[in-house]
Amino acid sequence: MEKEQLAALAKTAMQTAYAPYSGYTVGAALLCDDGTVYTGCNVENASYGATNCAERTAFFKAISEGKRKFRAIAICGGKHGVVSDEFTPCGVCRQVMREFCDDNFPIYVVSKTDISAYCLGELLPNSFGPSQIHKNT
Ligand code: THU
């Protein structure tokens, strides 16, 4: 699947965001190793802290369906369903990605006009991951 297709799925997912507090809607499309795609949106909460980001929604949907290997994710966001300038995933989402993906995992950030490519290692350098726990038995 091309990054443009993944970007289009992220834009569609953004339309179902539940963001009555911030008005900032986010969509994500996660490509699994087997070629399937799981989309996600942000789901806000009146207690604010219980909000779930779009990226984690996509990951948790996929993980709960038995997927463990991932090829790439595309994300986009903006006020009230309109894609705005690019942003990169929040720290919590980066750490959730790190659990299942290595430093080369591509993160496509979709803006009005462009798709920028990042990799997880540059957004979360010197990270703490599963191998740290497994090597200290
Ligand atoms: N948000 C995401 O869904 N992903 C991110 O990476 C950054 C922030 C959401 C959370 C909240 O609903 C809104 O954007 C404003 O922070």
Side-chain angles (χ1 to χ4, degrees):
M1 171 171 291
E2 302 297 327
K3 63 182 179 183
E4 288 77 11
Q5 289 174 272
L6 212 53
L9 292 170
K11 285 181 187 171
T12 301
M14 183 184 171
Q15 303 309 317
T16 52
Y18 176 74
Y21 303 105
S22 74
Y24 195 79
T25 52
V26 182
L30 175 63
L31 177 62
C32 304
D33 200 43
D34 64 3
T36 54
V37 176
Y38 286 82
T39 58
C41 63
N42 52 330
V43 183
E44 297 189 344
N45 190 278
S47 74
Y48 290 25
T51 292
N52 205 61
C53 290
E55 299 92 321
R56 273 176 287 148
T57 302
F59 264 89
F60 294 156
K61 282 170 69 176
I63 297 296
S64 66
E65 294 295 324
K67 310 299 175 182
R68 293 291 185 273
K69 291 186 175 168
F70 304 101
R71 265 192 247 162
I73 192 168
I75 62 170
C76 63
K79 282 280 185 178
H80 308 295
V82 179
V83 177
S84 63
D85 294 341
E86 71 170 57
F87 69 97
T88 51
C90 84
V92 175
C93 289
R94 295 177 197 198
Q95 185 65 36
V96 167
M97 292 177 196
R98 178 66 186 84
E99 186 67 22
F100 301 99
C101 306
D102 64 21
D103 282 349
N104 300 322
F105 180 65
I107 299 167
Y108 298 120
V109 177
V110 183
S111 68
K112 269 175 287 193
T113 50
D114 295 305
I115 301 175
S116 301
Y118 296 87
C119 67
L120 182 57
E122 65 182 316
L123 296 183
L124 193 68
N126 307 315
S127 61
F128 185 85
S131 61
Q132 255 81 28
I133 294 191
H134 293 137
K135 75 183 173 197
N136 303 314
T137 47

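Side chains included, hydrogens not; waters and symmetry mates left out as well; all remaining heavy atoms used.
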TODO: Work out which heavy atom in R68 is nearest to a heavy atom in I63; give both atom names and the distance.
DONE: NH1-O, 3.0 Å

Task: Partners meeting side chain to side chain contact (heavy atoms under 4.5 Å, CB included) with E2 (sequence neighbours left out) - done: E4, Q5

TODO: Determine whether the aromatic ring centres of F59 and F70 lie less than 6.0 Å apart.
DONE: yes

- [ ] Would you kindly confirm whether I115 and I75 end up in one hydrophobic cluster when ILVMFWY residues are joined by side chain heavy atoms under 4.5 Å apart?
- [x] no

Open item on the list: Tell me the closest heavy-atom pair linking M14 and C76, and the distance in Å.
Closed with: SD-SG, 3.6 Å

Task: Atom of A7, atom of V110 and distance for their closest heavy-atom approach - done: CB-CG2, 3.5 Å

Open item on the list: For C93 versus R56, what's the shortest heavy-atom pair and its separation?
Closed with: SG-NE, 3.2 Å

- [ ] Provide the closest heavy-atom pair for A10 versus A74 in the form atom of the first, atom of the second, distance.
- [x] CB-O, 3.6 Å

Task: Short side-chain to backbone donor-acceptor contact, D114 and S116, under 3.5 Å - done: no

Task: Heavy-atom side-chain contact between L124 and M97 under 4.5 Å - done: no

Task: Whether Q132 side chain and G129 backbone form a donor-acceptor pair below 3.5 Å - done: yes

Please tabulate, for the side chains in residues 16-40, all donor-acceptor contacts under 3.5 angstrom to protein atoms that are two or more places apart in sequence or on a different chain.
from : atom 1 : to  : atom 2 : distance (Å)
T16  : OG1    : A13 : O      : 2.9
S22  : OG     : Y24 : N      : 2.9
S22  : OG     : E44 : OE2    : 2.5
T25  : OG1    : G78 : O      : 2.7
T25  : OG1    : G81 : N      : 2.8
D34  : OD1    : T36 : N      : 3.0
D34  : OD1    : T36 : OG1    : 2.6
D34  : OD2    : K67 : NZ     : 2.7

Open item on the list: Using modelled atom types and a 3.5 Å cut-off, is there a donor and acceptor pairing between side-chain atoms of R94 and backbone atoms of P89?
Closed with: yes

Task: Taking every non-hydrogen atom, the tightest pair across S131 and R98 - done: OG-NH2, 4.5 Å

